[in-house]
Amino acid sequence: MSLRASLTLLVLLAAVVVAGCGGGSGDQTATVGDETITVPSDTHGVYGELEAILAQLPYEAWYAKCVVAQVKKNLGPAGAEALAKLPEDERDEKAMQITSRAGPVCEARHHLPVVDPNASRKKLDLLRAGYVSSMKAVAESKGATAEQAACVERGFEDLSDDELIAVINGAKTVREGILLSVFKPCATG
């Protein structure tokens, strides 16, 4: 999986996992950082929930449609039904496995920008919140100290909207430069 695909899907995976396929009344919400993802109570099934989540993120329409189509292809009707019946822990894990394969396939197939550069502040803030959480977790999983992980968290919080979009949509050298500008100062902290 490419770096771009990995980064792009981190937020998506977090959203899918926390939203789940629960059957209670009322909207389902999940908090990512200080931002909230909501799946309306009248949204049903794996695909409907995935579409509702993607609609709240700043992804280009082609990408959201492609991800849903790829998940449908990978999962199939019987798989979607079986997934909905699994206990929450197993469902979350399986949803992550399936969804993690969808984004990279779409990106490789289309080679287009994934994030809408004209997205609303709310959508970009949700994307940023997911990146902050995800990149902090990546740093911790690589042995970063608490101070270094906090530095990474601050670095991603401080990225401008243009820099955040460039981490996903930009050329490899642009992405690497931005990521290096966040991680390098934290390596010695």
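All values derive from a computational prediction rather than experimental measurement. We're numbering straight along the sequence, starting at 1.
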message: Check the orientation of F183 and F156. Use parallel for under 30°, tilted for 30 to 60°, and perpendicular for over 60°.
response: perpendicular
R154/D158 ion pair, N-O < 4.0 Å: no
query: Do side-chain atoms of E153 reach the backbone of K136 as a donor and acceptor pair under 3.5 angstrom?
result: no
task: Report whether L180 and V152 are members of the same hydrophobic cluster (ILVMFWY, side-chain heavy atoms less than 4.5 Å apart, transitive linking).
output: no
message: Once rounded to the nearest 0.5 Å, what's the spacing between atom OG of S120 and atom NZ of K123?
response: 5.5 Å
field: Nearest atoms (heavy-atom pairs only) where I178 meets A166
entry: CD1-CB, 3.6 Å
query: Any idea which heavy atoms bring A149 and E140 closest together, and the distance?
result: CB-CG, 3.7 Å
- prompt: Charged N to carboxylate O under 4.0 angstrom, D161 versus R128?
  reply: yes
message: Please check if the number of heavy atoms outside E81 that lie under 6.0 Å from its CD is greater than 12.
response: no
Interatomic distance, L127 atom CG to Q56 atom CD [nearest 0.5 angstrom]: 13.0 Å
query: Where is the tightest heavy-atom contact between N169 and V115, given as atom of each residue plus distance?
result: ND2-O, 2.6 Å
message: Measuring from atom CG of L83 to atom CG of L75, what distance do you get when rounded to the nearest 0.5 angstrom?
response: 6.0 Å
- request: To the nearest 0.5 Å, tell me how far L124 CG sits from R121 CZ.
  value: 7.0 Å
query: Hey, any chance L179 and V132 share a hydrophobic cluster, counting ILVMFWY side chains that come within less than 4.5 Å of each other, even indirectly?
result: yes
- request: Please examine the side chains of V71 and Y47, heavy atoms only from C-beta on, and report whether any two atoms are closer than 4.5 Å.
  value: yes
message: Quick check against the 3.5 Å criterion: does E90 have a side-chain atom that pairs as donor or acceptor with the backbone of P87?
response: no
message: How long is the straight-line distance from CD of E107 back to OH of Y63, given to the nearest 0.5 Å?
response: 4.5 Å
Note, L112 side chain near E60 side chain (heavy atom, < 4.5 Å): no
- request: Measure the spacing between SG of C66 and NZ of K73 and express it to the nearest 0.5 Å.
  value: 9.5 Å
message: Is there a continuous path of hydrophobic side-chain contacts, each under 4.5 Å between heavy atoms, that joins V138 to V182?
response: yes
- prompt: Does W62 reach the main-chain N or O of P113 with its side chain, forming a donor-acceptor pair under 3.5 Å?
  reply: yes
- prompt: What do the steps show when you test R109 against Q70 for side-chain contact (heavy atoms from CB on, under 4.5 Å), and what is the final call?
  reply: CA-CA 11 Å; R109 186 178 298 151; Q70 193 63 39; 3.4 Å; yes
- prompt: Is L54 close to E51 at the side-chain level, that is, under 4.5 Å between some pair of heavy atoms?
  reply: no
